[in-house]
2 protein chains.
Amino acid sequence: MNQRKKQPLLTRAALLDAAGEEFSRTGYVGTGLGSVTLRAGVTKGGLFHHFPDKRSLAQAWIAERLAPAIAALWHIPLEQAATLDVLKQLCRQRFSELAPGDATSALSALTAESRGSDGLLVAGLEEIFEAWRGALGDFLERGKSAGGIHRSIKPAAEAAFLVALIVGVAVTANSPHNAATRRACLSSLEDYLETLRSQAT
Amino acid sequence: MNQRKKQPLLTRAALLDAAGEEFSRTGYVGTGLGSVTLRAGVTKGGLFHHFPDKRSLAQAWIAERLAPAIAALWHIPLEQAATLDVLKQLCRQRFSELAPGDATSALSALTAESRGSDGLLVAGLEEIFEAWRGALGDFLERGKSAGGIHRSIKPAAEAAFLVALIVGVAVTANSPHNAATRRACLSSLEDYLETLRSQAT
DNA sequence: GGGATTATACCGACCGCAAGGTATGACTTC
DNA sequence: GAAGTCATACCTTGCGGTCGGTATAATCCC
């Protein structure tokens, strides 16, 4: 076994993971560094050795954890797809998994919290949204080329619309308590996606 | 002039207004009672005379200020309408007014923040969403009866969908900086609303 | 109606605590 | 031994909340 006692990469990773857990559940201002260090099994000294301050920790987590998590959930499954059914199936799946603390909800909550106050955090979050909209736009573009998606739609606008909708669902209906609302949104979303389908030739 | 020196109703109102300003801009945990009392021109003693604790202050603000504000923005204009054009015009208007700190953004941010942690605040916020979805559902129902809206739609599901979308826009595109994203969402929203129109006979 | 009494509204100092952050030192690794 | 990695102890600040006191308003009683 590895008998090394100081493994900076692992401690850094543990700190990021612990911070992510806390940020996802209680938001940025709501989480104390004490809970983070406790969860990570590291003390204050260790934390501030790896990150100069709380905001940097959050920024690192956003860039190194949250962004990839969103990509894994929403970009990659669409990477080589071009049909509406793939998107519909993806939404069904992701909506059913939605819960407080997951990546989609965390992204939504962090954005809602940071906007207006913590301008520096917004930058990293905004990048995630840009990438998300880009991936969705590319997907829709491919769908248009392949013929499965109607020619008249504007992929960029439609992507922004879809991202907003998903965020809205993550905010208004991400708890097991309001599963009914989530199902209602999903139902209407599927109807809406059908309107993007190109008329059968 | 009224020379009364103690006007409990006015001070209470001032406290609610001040709390609203702070909650809307920096969220629940992000606002200190010091800023609230300062803005209201009241001291801690006065605050805790009217409200037993911080959470009660927030609850009172949600019920007495935020809920009516949302109603004024989204329910009342639709109260006696039944055509899609009224809804489209309303969305155009409200989207253009969207900014950090307004009622719609505050509702979205507070909900995103409270869910998972402050269960007691969620109750009041949930009521607002219920009323919102109800008002929108009634509107769509009237539209169906009047004939302007397609018969096949499910008003309740569509209402949940629309509320989620608006919240999503308020979270992802409520700052003047991303007006482009907001316009994109609005554009797609209008296209989407058109699909609800009943086929011309 | 007018003074005494009680209840209401508000002030301002203070408390305990947890927050973010720092300084220093000890142990590891190269 | 020098640089890197982490622990311990501590500092300052601001938080939500309390408490004794005071000034104003409503009520009572004659």
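Order of the sequence lines sets the chain letters (A, B, ...), proteins ahead of strands, with each chain counted from 1.
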- Query: Considering only heavy atoms, which members of residues 8-23 of chain A lie under 4.0 Å from some atom of DNA chain C?
  - Reply: none
- Message: With a 4.5 Å cut-off on side-chain heavy atoms, are F23(B) and I62(B) touching?
- Response: no
- Message: Could you tell me how far apart L33(B) (CG) and dT13(D) (P) are, to the nearest whole angstrom?
- Response: 21 Å
- Only counting residues at least two apart or in another chain, list the ones meeting ring pair (Phe, Tyr, Trp, His ring centres under 6.0 Å) with F51(A). none
- Set of side-chain contact (heavy atoms from CB on, under 4.5 Å) partners for T26(A), sequence neighbours left out: E22(A), T31(A)
- Rounded to whole Å, CZ of R4(B) lies from P of dT8(C) at a distance of 14 Å
- Item | Between S56(A) and D53(A), a side-chain donor and acceptor under 3.5 Å | yes
- Message: Restricting to non-hydrogen atoms, name the atom on L98(A) and the atom on A173(A) that form the minimum distance, rounded to 0.1 Å.
- Response: CD2-O, 4.4 Å
- Round to a whole Å and report the spacing from NZ of K5(B) to P of dT22(D). 17 Å
- Task: Could you tell me which residues satisfy side-chain hydrogen bond (donor to acceptor under 3.5 Å, both in side chains) with E64(A), sequence neighbours excluded, listed by chain and number?
- Result: R12(A)
- Answer yes or no: does a side-chain N or O of H49(B) lie under 4.0 Å from OP1 or OP2 of dA9(C)? yes
- Shortest non-hydrogen separation from C91(B) to W74(B) and the atoms involved: SG-CZ3, 4.4 Å
- Query: Quick one: L38(B) CG to dG12(C) P, roughly how many Å, whole number?
  - Reply: 13 Å
- Is H50(A) near enough to dG4(D) that one of its side-chain N or O atoms lies under 4.0 angstrom from OP1 or OP2? no
- Message: Between K54(B) and dG16(D), is there a contact of a side-chain N or O with OP1 or OP2 at under 4.0 Å?
- Response: yes
- If you look at every strand shown and take non-hydrogen atoms under 4.0 Å, does T31(A) touch a base, only sugar-phosphate, or nothing? sugar-phosphate
- Item | Comparing K6(B) and R55(B) on DNA chain D - which has the more 5′ nearest nucleotide | R55(B)
- Query: Going by the salt bridge (charged side-chain N to carboxylate O under 4.0 Å, His left out) test, which pairs reach into residues 148-163 of chain B, not counting sequence neighbours?
  - Reply: none
- Task: Determine whether the side chains of N178(A) and S175(A) contain a donor N or O and an acceptor N or O closer than 3.5 Å.
- Result: yes
- Task: Within residues 40-48 of chain A, find the residues that approach DNA chain C with a heavy atom at under 4.0 Å, and present them sorted by residue number.
- Result: K44(A), F48(A)
